[in-house]
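Notes for the one structure printed next.
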Amino acid sequence: MKVLVLTSGGDAPGMNRVIYALYRHFGKNLYASRYGYRGLIQNDIIRVSEIGIEKCKNLAGSIIKSARCPEFAEDKFFKKALKNAKAFDYIIVLGGNGTHKGACRLAENGVKTIFIPATIDNDVEGSDYSLGFHTAVKGACEFIFNTLPSYQSDNACCIYEVMGRYKNDIAINVASIVDADKCIICEEDINFAELTKLINSINKQERASCIVLRERIYPVQNLVEQLRLKCPKVYFKGMNVGRVQRASRPTKREIYFAKAFAKGAIKAIKQNKKCASVLIKEGKVKIIDNI
C-alpha cells in the first residue's frame with residue numbers, strides 16, 4: 001500500500017510527530033507531497049524515509065514543508081493534482097478548514113483521503129481540538145513571562161499580539177494564564193478612554209501593564225501609537241508573538257495528541273474509509289465519515 005502525507009496552510013507544532021508516527025507504521029511505503037497541495041500539483045513527491053524524520057520528530061514546523069495553495073481550487077491545477085494523487089492508495093492531509101475542503105474534493109473524485117485537524121487557531125469545524133493549539137498557547141505565555149519582568153523596571157505598557165485568526169481561544173487562554181490586565185478580542189474592547197484610564201492607573205502603581213491583543217482586530221503598532229498620544233508619560237512596547245507560537249517545541253500534551261491523530265488515521269485506513277476526518281470529541285479520538 002502506498003500512502004501519501006501532506007501538510008497544508010500554516011505549519012503547526014506536532015505535524016512532524018504525526019509524520020513520524022505514520023512513517024513508523026508504513027515505512028518506505030509512506031510518501032510526502034512537499035509544500036502541501038502545491039507539491040501535488042507539481043508532482044513534488046518524495047519518500048519520507050529519505051528526509052530524516054526521526055531527527056526532527058519533536059520539533060515544530062513541517063519537515064515536508066507546508067504552504068497555502070489557492071490555485072488548487074482552479075480546475076486546471078486541480079486536474080494535475082488529481083492525476084498525481086491517484087498514484088496512491090491513500091492520502092493523509094493535515095491542515096485547517098480550507099485544507100479539509102480540498103481533501104473532500106479529492107475524495108469526491110475517487111481519491112481515498114484522511115483529514116487530521118492541524119492549525120494552532122483551534123478553529124476546525126467539528127473537532128474540540130486541533131493539533132498545535134496547546135503548544136501555541138504555551139509558547140505565547142512563555143514569551144510574555146520572559147519579557148514582561150524586564151519592562152517592570154520602567155513601568156511600561158506591553159501589548160502582545162497573539163495569533164488565532166478569527167478565533168479567540170489563544171488570546172483568552174494566554175490572557176488568563178499570564179493574568180493580563182486586559183484581553184482584546186473584538187473591536188468593542190478597544191475603548192480608548194477606558195484603556196487610557198487603566199494604563200495610567202497601573203503606571204501610578206509603579207508596575208508594568210500587560211495587554212493581550214488577538215490578531216486581525218487592530219494593528220498592534222497602530223494601537224501603541226494611539227495610546228502613546230493619550231498616555232505621554234507611559235513607555236509603550238508592542239510585540240507580535242506569532243512566530244514564537246508556531247516555532248515552540250511541541251508540548252508533551254501535543255505529542256500525545258499527535259500520536260492519537262496518527263493512530264486514528266491508520267485505523268481509518270484499516271477500515272477502508274473513502275473520506276474521513278480524525279477528530280477529537282470530548283477528549284477521545286473519533287473517526288467521522290465526511291462523504
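No hydrogens, no waters, no symmetry mates; every other heavy atom, side chains included, goes into these values.
Around NZ of K138, the count of heavy atoms belonging to other residues, nucleotides or ligands within 6.0 Å does not exceed 12. A 6.0 Å sphere centred on CD of E125 holds no more than 12 heavy atoms belonging to other residues, nucleotides or ligands.
Rounded to the nearest 0.5 angstrom, I64 CD1 and L4 CG are separated by 8.0 Å. The distance from the CZ atom of R24 to the CG atom of L22 is 12.0 Å, given to the nearest 0.5 Å.
Looking at S66, its side chain does come within 3.5 Å of a backbone N or O of T7 through a donor-acceptor pair. In this structure a side-chain-to-backbone donor-acceptor pair under 3.5 Å is present from E215 to G164.
Within the structure, every pair that satisfies the salt bridge (charged side-chain N to carboxylate O under 4.0 Å, His left out) test and touches residues 233-256, not counting sequence neighbours, is listed here: D11-R243. For the ring pair (Phe, Tyr, Trp, His ring centres under 6.0 Å) condition, the pairs that include at least one residue of residues 91-134, sequence neighbours left out, are H100-F115, Y129-F257. The salt bridge (charged side-chain N to carboxylate O under 4.0 Å, His left out) contacts involving residues 192-208 comprise D181-R207, where partners must be two or more places apart or lie in separate chains. Listed by first and then second residue, the ring pair (Phe, Tyr, Trp, His ring centres under 6.0 Å) pairs that reach into residues 139-173 come to none, sequence neighbours excluded.
When all heavy atoms are compared, the tightest approach of Y37 to S8 is CD1-OG, 3.7 Å. Nearest heavy atoms, F236 versus I199: CE2-CD1, 3.8 Å. Of all non-hydrogen atoms in I63 and N16, the two that sit nearest each other are N-OD1, 2.8 Å. Closest approach of A107 and T113 over heavy atoms only: CB-OG1, 3.6 Å.
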Check: residues 73-82 side-chain donor-acceptor pairs under 3.5 Å, at least two apart:
{"unit_1": "D75", "atom_1": "OD1", "unit_2": "R105", "atom_2": "NH2", "d": "2.7"}

Could you go through residues 46-55 and list every donor-acceptor pair under 3.5 Å that involves a side-chain atom there, pairing it with any protein atom two or more places apart or in another chain?
{"unit_1": "R47", "atom_1": "NH1", "unit_2": "K28", "atom_2": "O", "d": "2.4"}
{"unit_1": "R47", "atom_1": "NH1", "unit_2": "Y31", "atom_2": "OH", "d": "3.3"}
{"unit_1": "R47", "atom_1": "NH2", "unit_2": "Y31", "atom_2": "OH", "d": "3.0"}

*Given N272 and K112, is the side-chain hydrogen bond (donor to acceptor under 3.5 Å, both in side chains) satisfied, shown in steps?*
CA-CA 9 Å; N272 197 30; K112 292 181 179 179; 2.5 Å; yes
